[in-house]
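Here is the structure we will look at, set down as structure tokens.
This is a predicted model, so every value here is computed, not measured.
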Amino acid sequence: MSATEQAAPEQASAHGAPAKPKSKIMLMGIGGVVFGALGLGGYMMFFKGSAHQPPPQEKTATPVAAGEEKRAKAQVITLKPIVVNLRNSKGTRYLKVTVAMETTSKEAAEELGTLSPQISDLFVDKLSNVEITDVDNSAGRNRLKRELLSGINELLEKGSINTIYFTEFVIQ
């Protein structure tokens, strides 16, 4: 026997067991880690939080802010489109407006229906006295809304209008 053949059996017997390739041990370790991670991931995915979640509590009524309560009960009434000639336009320029009014009062909403001729007259009177320079910007339109809101609220006896919306505003 040669010297190299005698050295190999001596290395194996020095550790007390036959030598195993390190790649098999490493492969088994990696496989164990992967299967353990998959098992843990599956457990967490299917049983996530079921043991740690508190029992459902009864919902108690939470106080609603005044603004939220008004929005929940708000009614919007839309008028028919109104077309008027603008002041100082010599009949060549006109304004077409569709208005929606918001109220939280059921009585005011019903009263608006009975006052439609008076409301239309108010709108025609206010809008026909408007010049194009008065309403060609947002500040002018907001001022016009305030004037109309004030005029409508003077007509109403049961409640009031909160807001006026221009849903159509065409200057021609």
Side-chain angles (χ1 to χ4, degrees), residues 33-172:
V33 170
V34 168
F35 284 121
L38 288 173
L40 180 62
Y43 173 79
M44 292 189 66
M45 185 172 153
F46 291 111
F47 300 107
K48 180 181 179 183
S50 63
H52 295 72
Q53 287 183 347
Q57 297 177 353
E58 290 184 26
K59 292 184 178 180
T60 58
T62 57
V64 178
E68 293 175 14
E69 185 176 325
K70 285 182 180 180
R71 295 233 185 266
K73 295 180 181 179
Q75 295 180 346
V76 178
I77 297 90
T78 303
L79 299 177
K80 293 179 183 178
I82 298 171
V83 180
V84 295
N85 289 322
L86 292 171
R87 188 176 75 193
N88 294 335
S89 68
K90 298 179 183 169
T92 60
R93 307 293 300 258
Y94 69 88
L95 173 65
K96 180 181 179 185
V97 178
T98 304
V99 177
M101 300 173 288
E102 181 182 81
T103 181
T104 56
S105 167
K106 190 181 283 187
E107 293 82 18
E110 291 171 0
E111 190 176 9
L112 285 170
T114 61
L115 291 175
S116 63
Q118 292 90 338
I119 293 171
S120 293
D121 182 60
L122 171 76
F123 275 78
V124 168
D125 185 46
K126 290 281 187 189
L127 295 173
S128 62
N129 285 311
V130 170
E131 290 187 22
I132 194 167
T133 56
D134 296 338
V135 292
D136 65 351
N137 57 52
S138 62
R141 287 187 296 272
N142 287 333
R143 188 178 67 251
L144 181 60
K145 282 182 184 182
R146 287 190 301 272
E147 290 175 8
L148 292 171
L149 180 70
S150 171
I152 292 170
N153 282 332
E154 286 178 16
L155 290 173
L156 293 174
E157 294 176 3
K158 304 173 188 173
S160 63
I161 298 298
N162 303 329
T163 308
I164 290 182
Y165 303 103
F166 290 137
T167 57
E168 182 179 33
F169 198 92
V170 179
I171 299 172
Q172 195 66 11

Checklist entry - Can you name the salt bridge (Lys or Arg N to Asp or Glu O under 4.0 Å) partners of K106, sequence neighbours left out? => result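 None.
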
Checklist outcome for this item: Contacts of E168 meeting salt bridge (Lys or Arg N to Asp or Glu O under 4.0 Å) (sequence neighbours excluded), chain-then-number -> K96

Item to check | With sequence neighbours excluded, residues passing ring pair (Phe, Tyr, Trp, His ring centres under 6.0 Å) with Y94 | outcome: none

Next on the checklist: Taking the cut-offs as 6.0 angstrom to the six-membered ring centre and 45 degrees off its axis, would you call R141 and F166 a cation-pi pair?
Outcome noted: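 Output no; distance or angle outside limits.
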
Checklist entry - Could you give the distance from CD1 (I77) to OG (S116), rounded to the nearest 0.5 Å? => result 12.0 Å

Counting only pairs under 3.5 Å, give me each side-chain donor-acceptor contact of residues 147-161, with atom names and distances, residues two or more places apart or in other chains.
unit_1	atom_1	unit_2	atom_2	d
N153	OD1	I161	N	2.6
N153	ND2	L149	O	3.4
N153	ND2	I161	O	3.3

Got [X] and [Y] here, is their nearest side-chain heavy-atom distance under 4.5 Å?
{"X": "V130", "Y": "L144", "result": "yes"}
{"X": "L127", "Y": "I82", "result": "yes"}
{"X": "F169", "Y": "L95", "result": "yes"}

Checklist entry - Which residues satisfy the side-chain contact (heavy atoms from CB on, under 4.5 Å) test with R146, sequence neighbours excluded? => result N142, R143

Item to check | Those residues that, when tested against I132, pass side-chain contact (heavy atoms from CB on, under 4.5 Å) (two or more places apart) | outcome: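 So I132 forms a side-chain contact (heavy atoms from CB on, under 4.5 Å) with L86, R93, I171.
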
On a heavy-atom basis, which atom in [X] and which in [Y] lie closest, and how many Å separate them?
{"X": "I164", "Y": "M101", "answer": "CG1-CG, 4.3 Å"}
{"X": "T78", "Y": "A100", "answer": "OG1-CB, 3.8 Å"}
{"X": "T103", "Y": "A108", "answer": "OG1-CB, 3.6 Å"}

Partners meeting side chain to side chain donor-acceptor pair (under 3.5 Å) with [X] (sequence neighbours left out):
{"X": "E107", "result": "S105"}
{"X": "E111", "result": "none"}
{"X": "N88", "result": "E131"}

Checklist entry - Between V97, V84, L79, which is the residue that forms a side-chain contact (heavy atoms from CB on, under 4.5 Å) with F123? => result L79

Next on the checklist: Filter on salt bridge (Lys or Arg N to Asp or Glu O under 4.0 Å), then keep only pairs touching residues 118-129, sequence neighbours left out; what's left?
Outcome noted: none

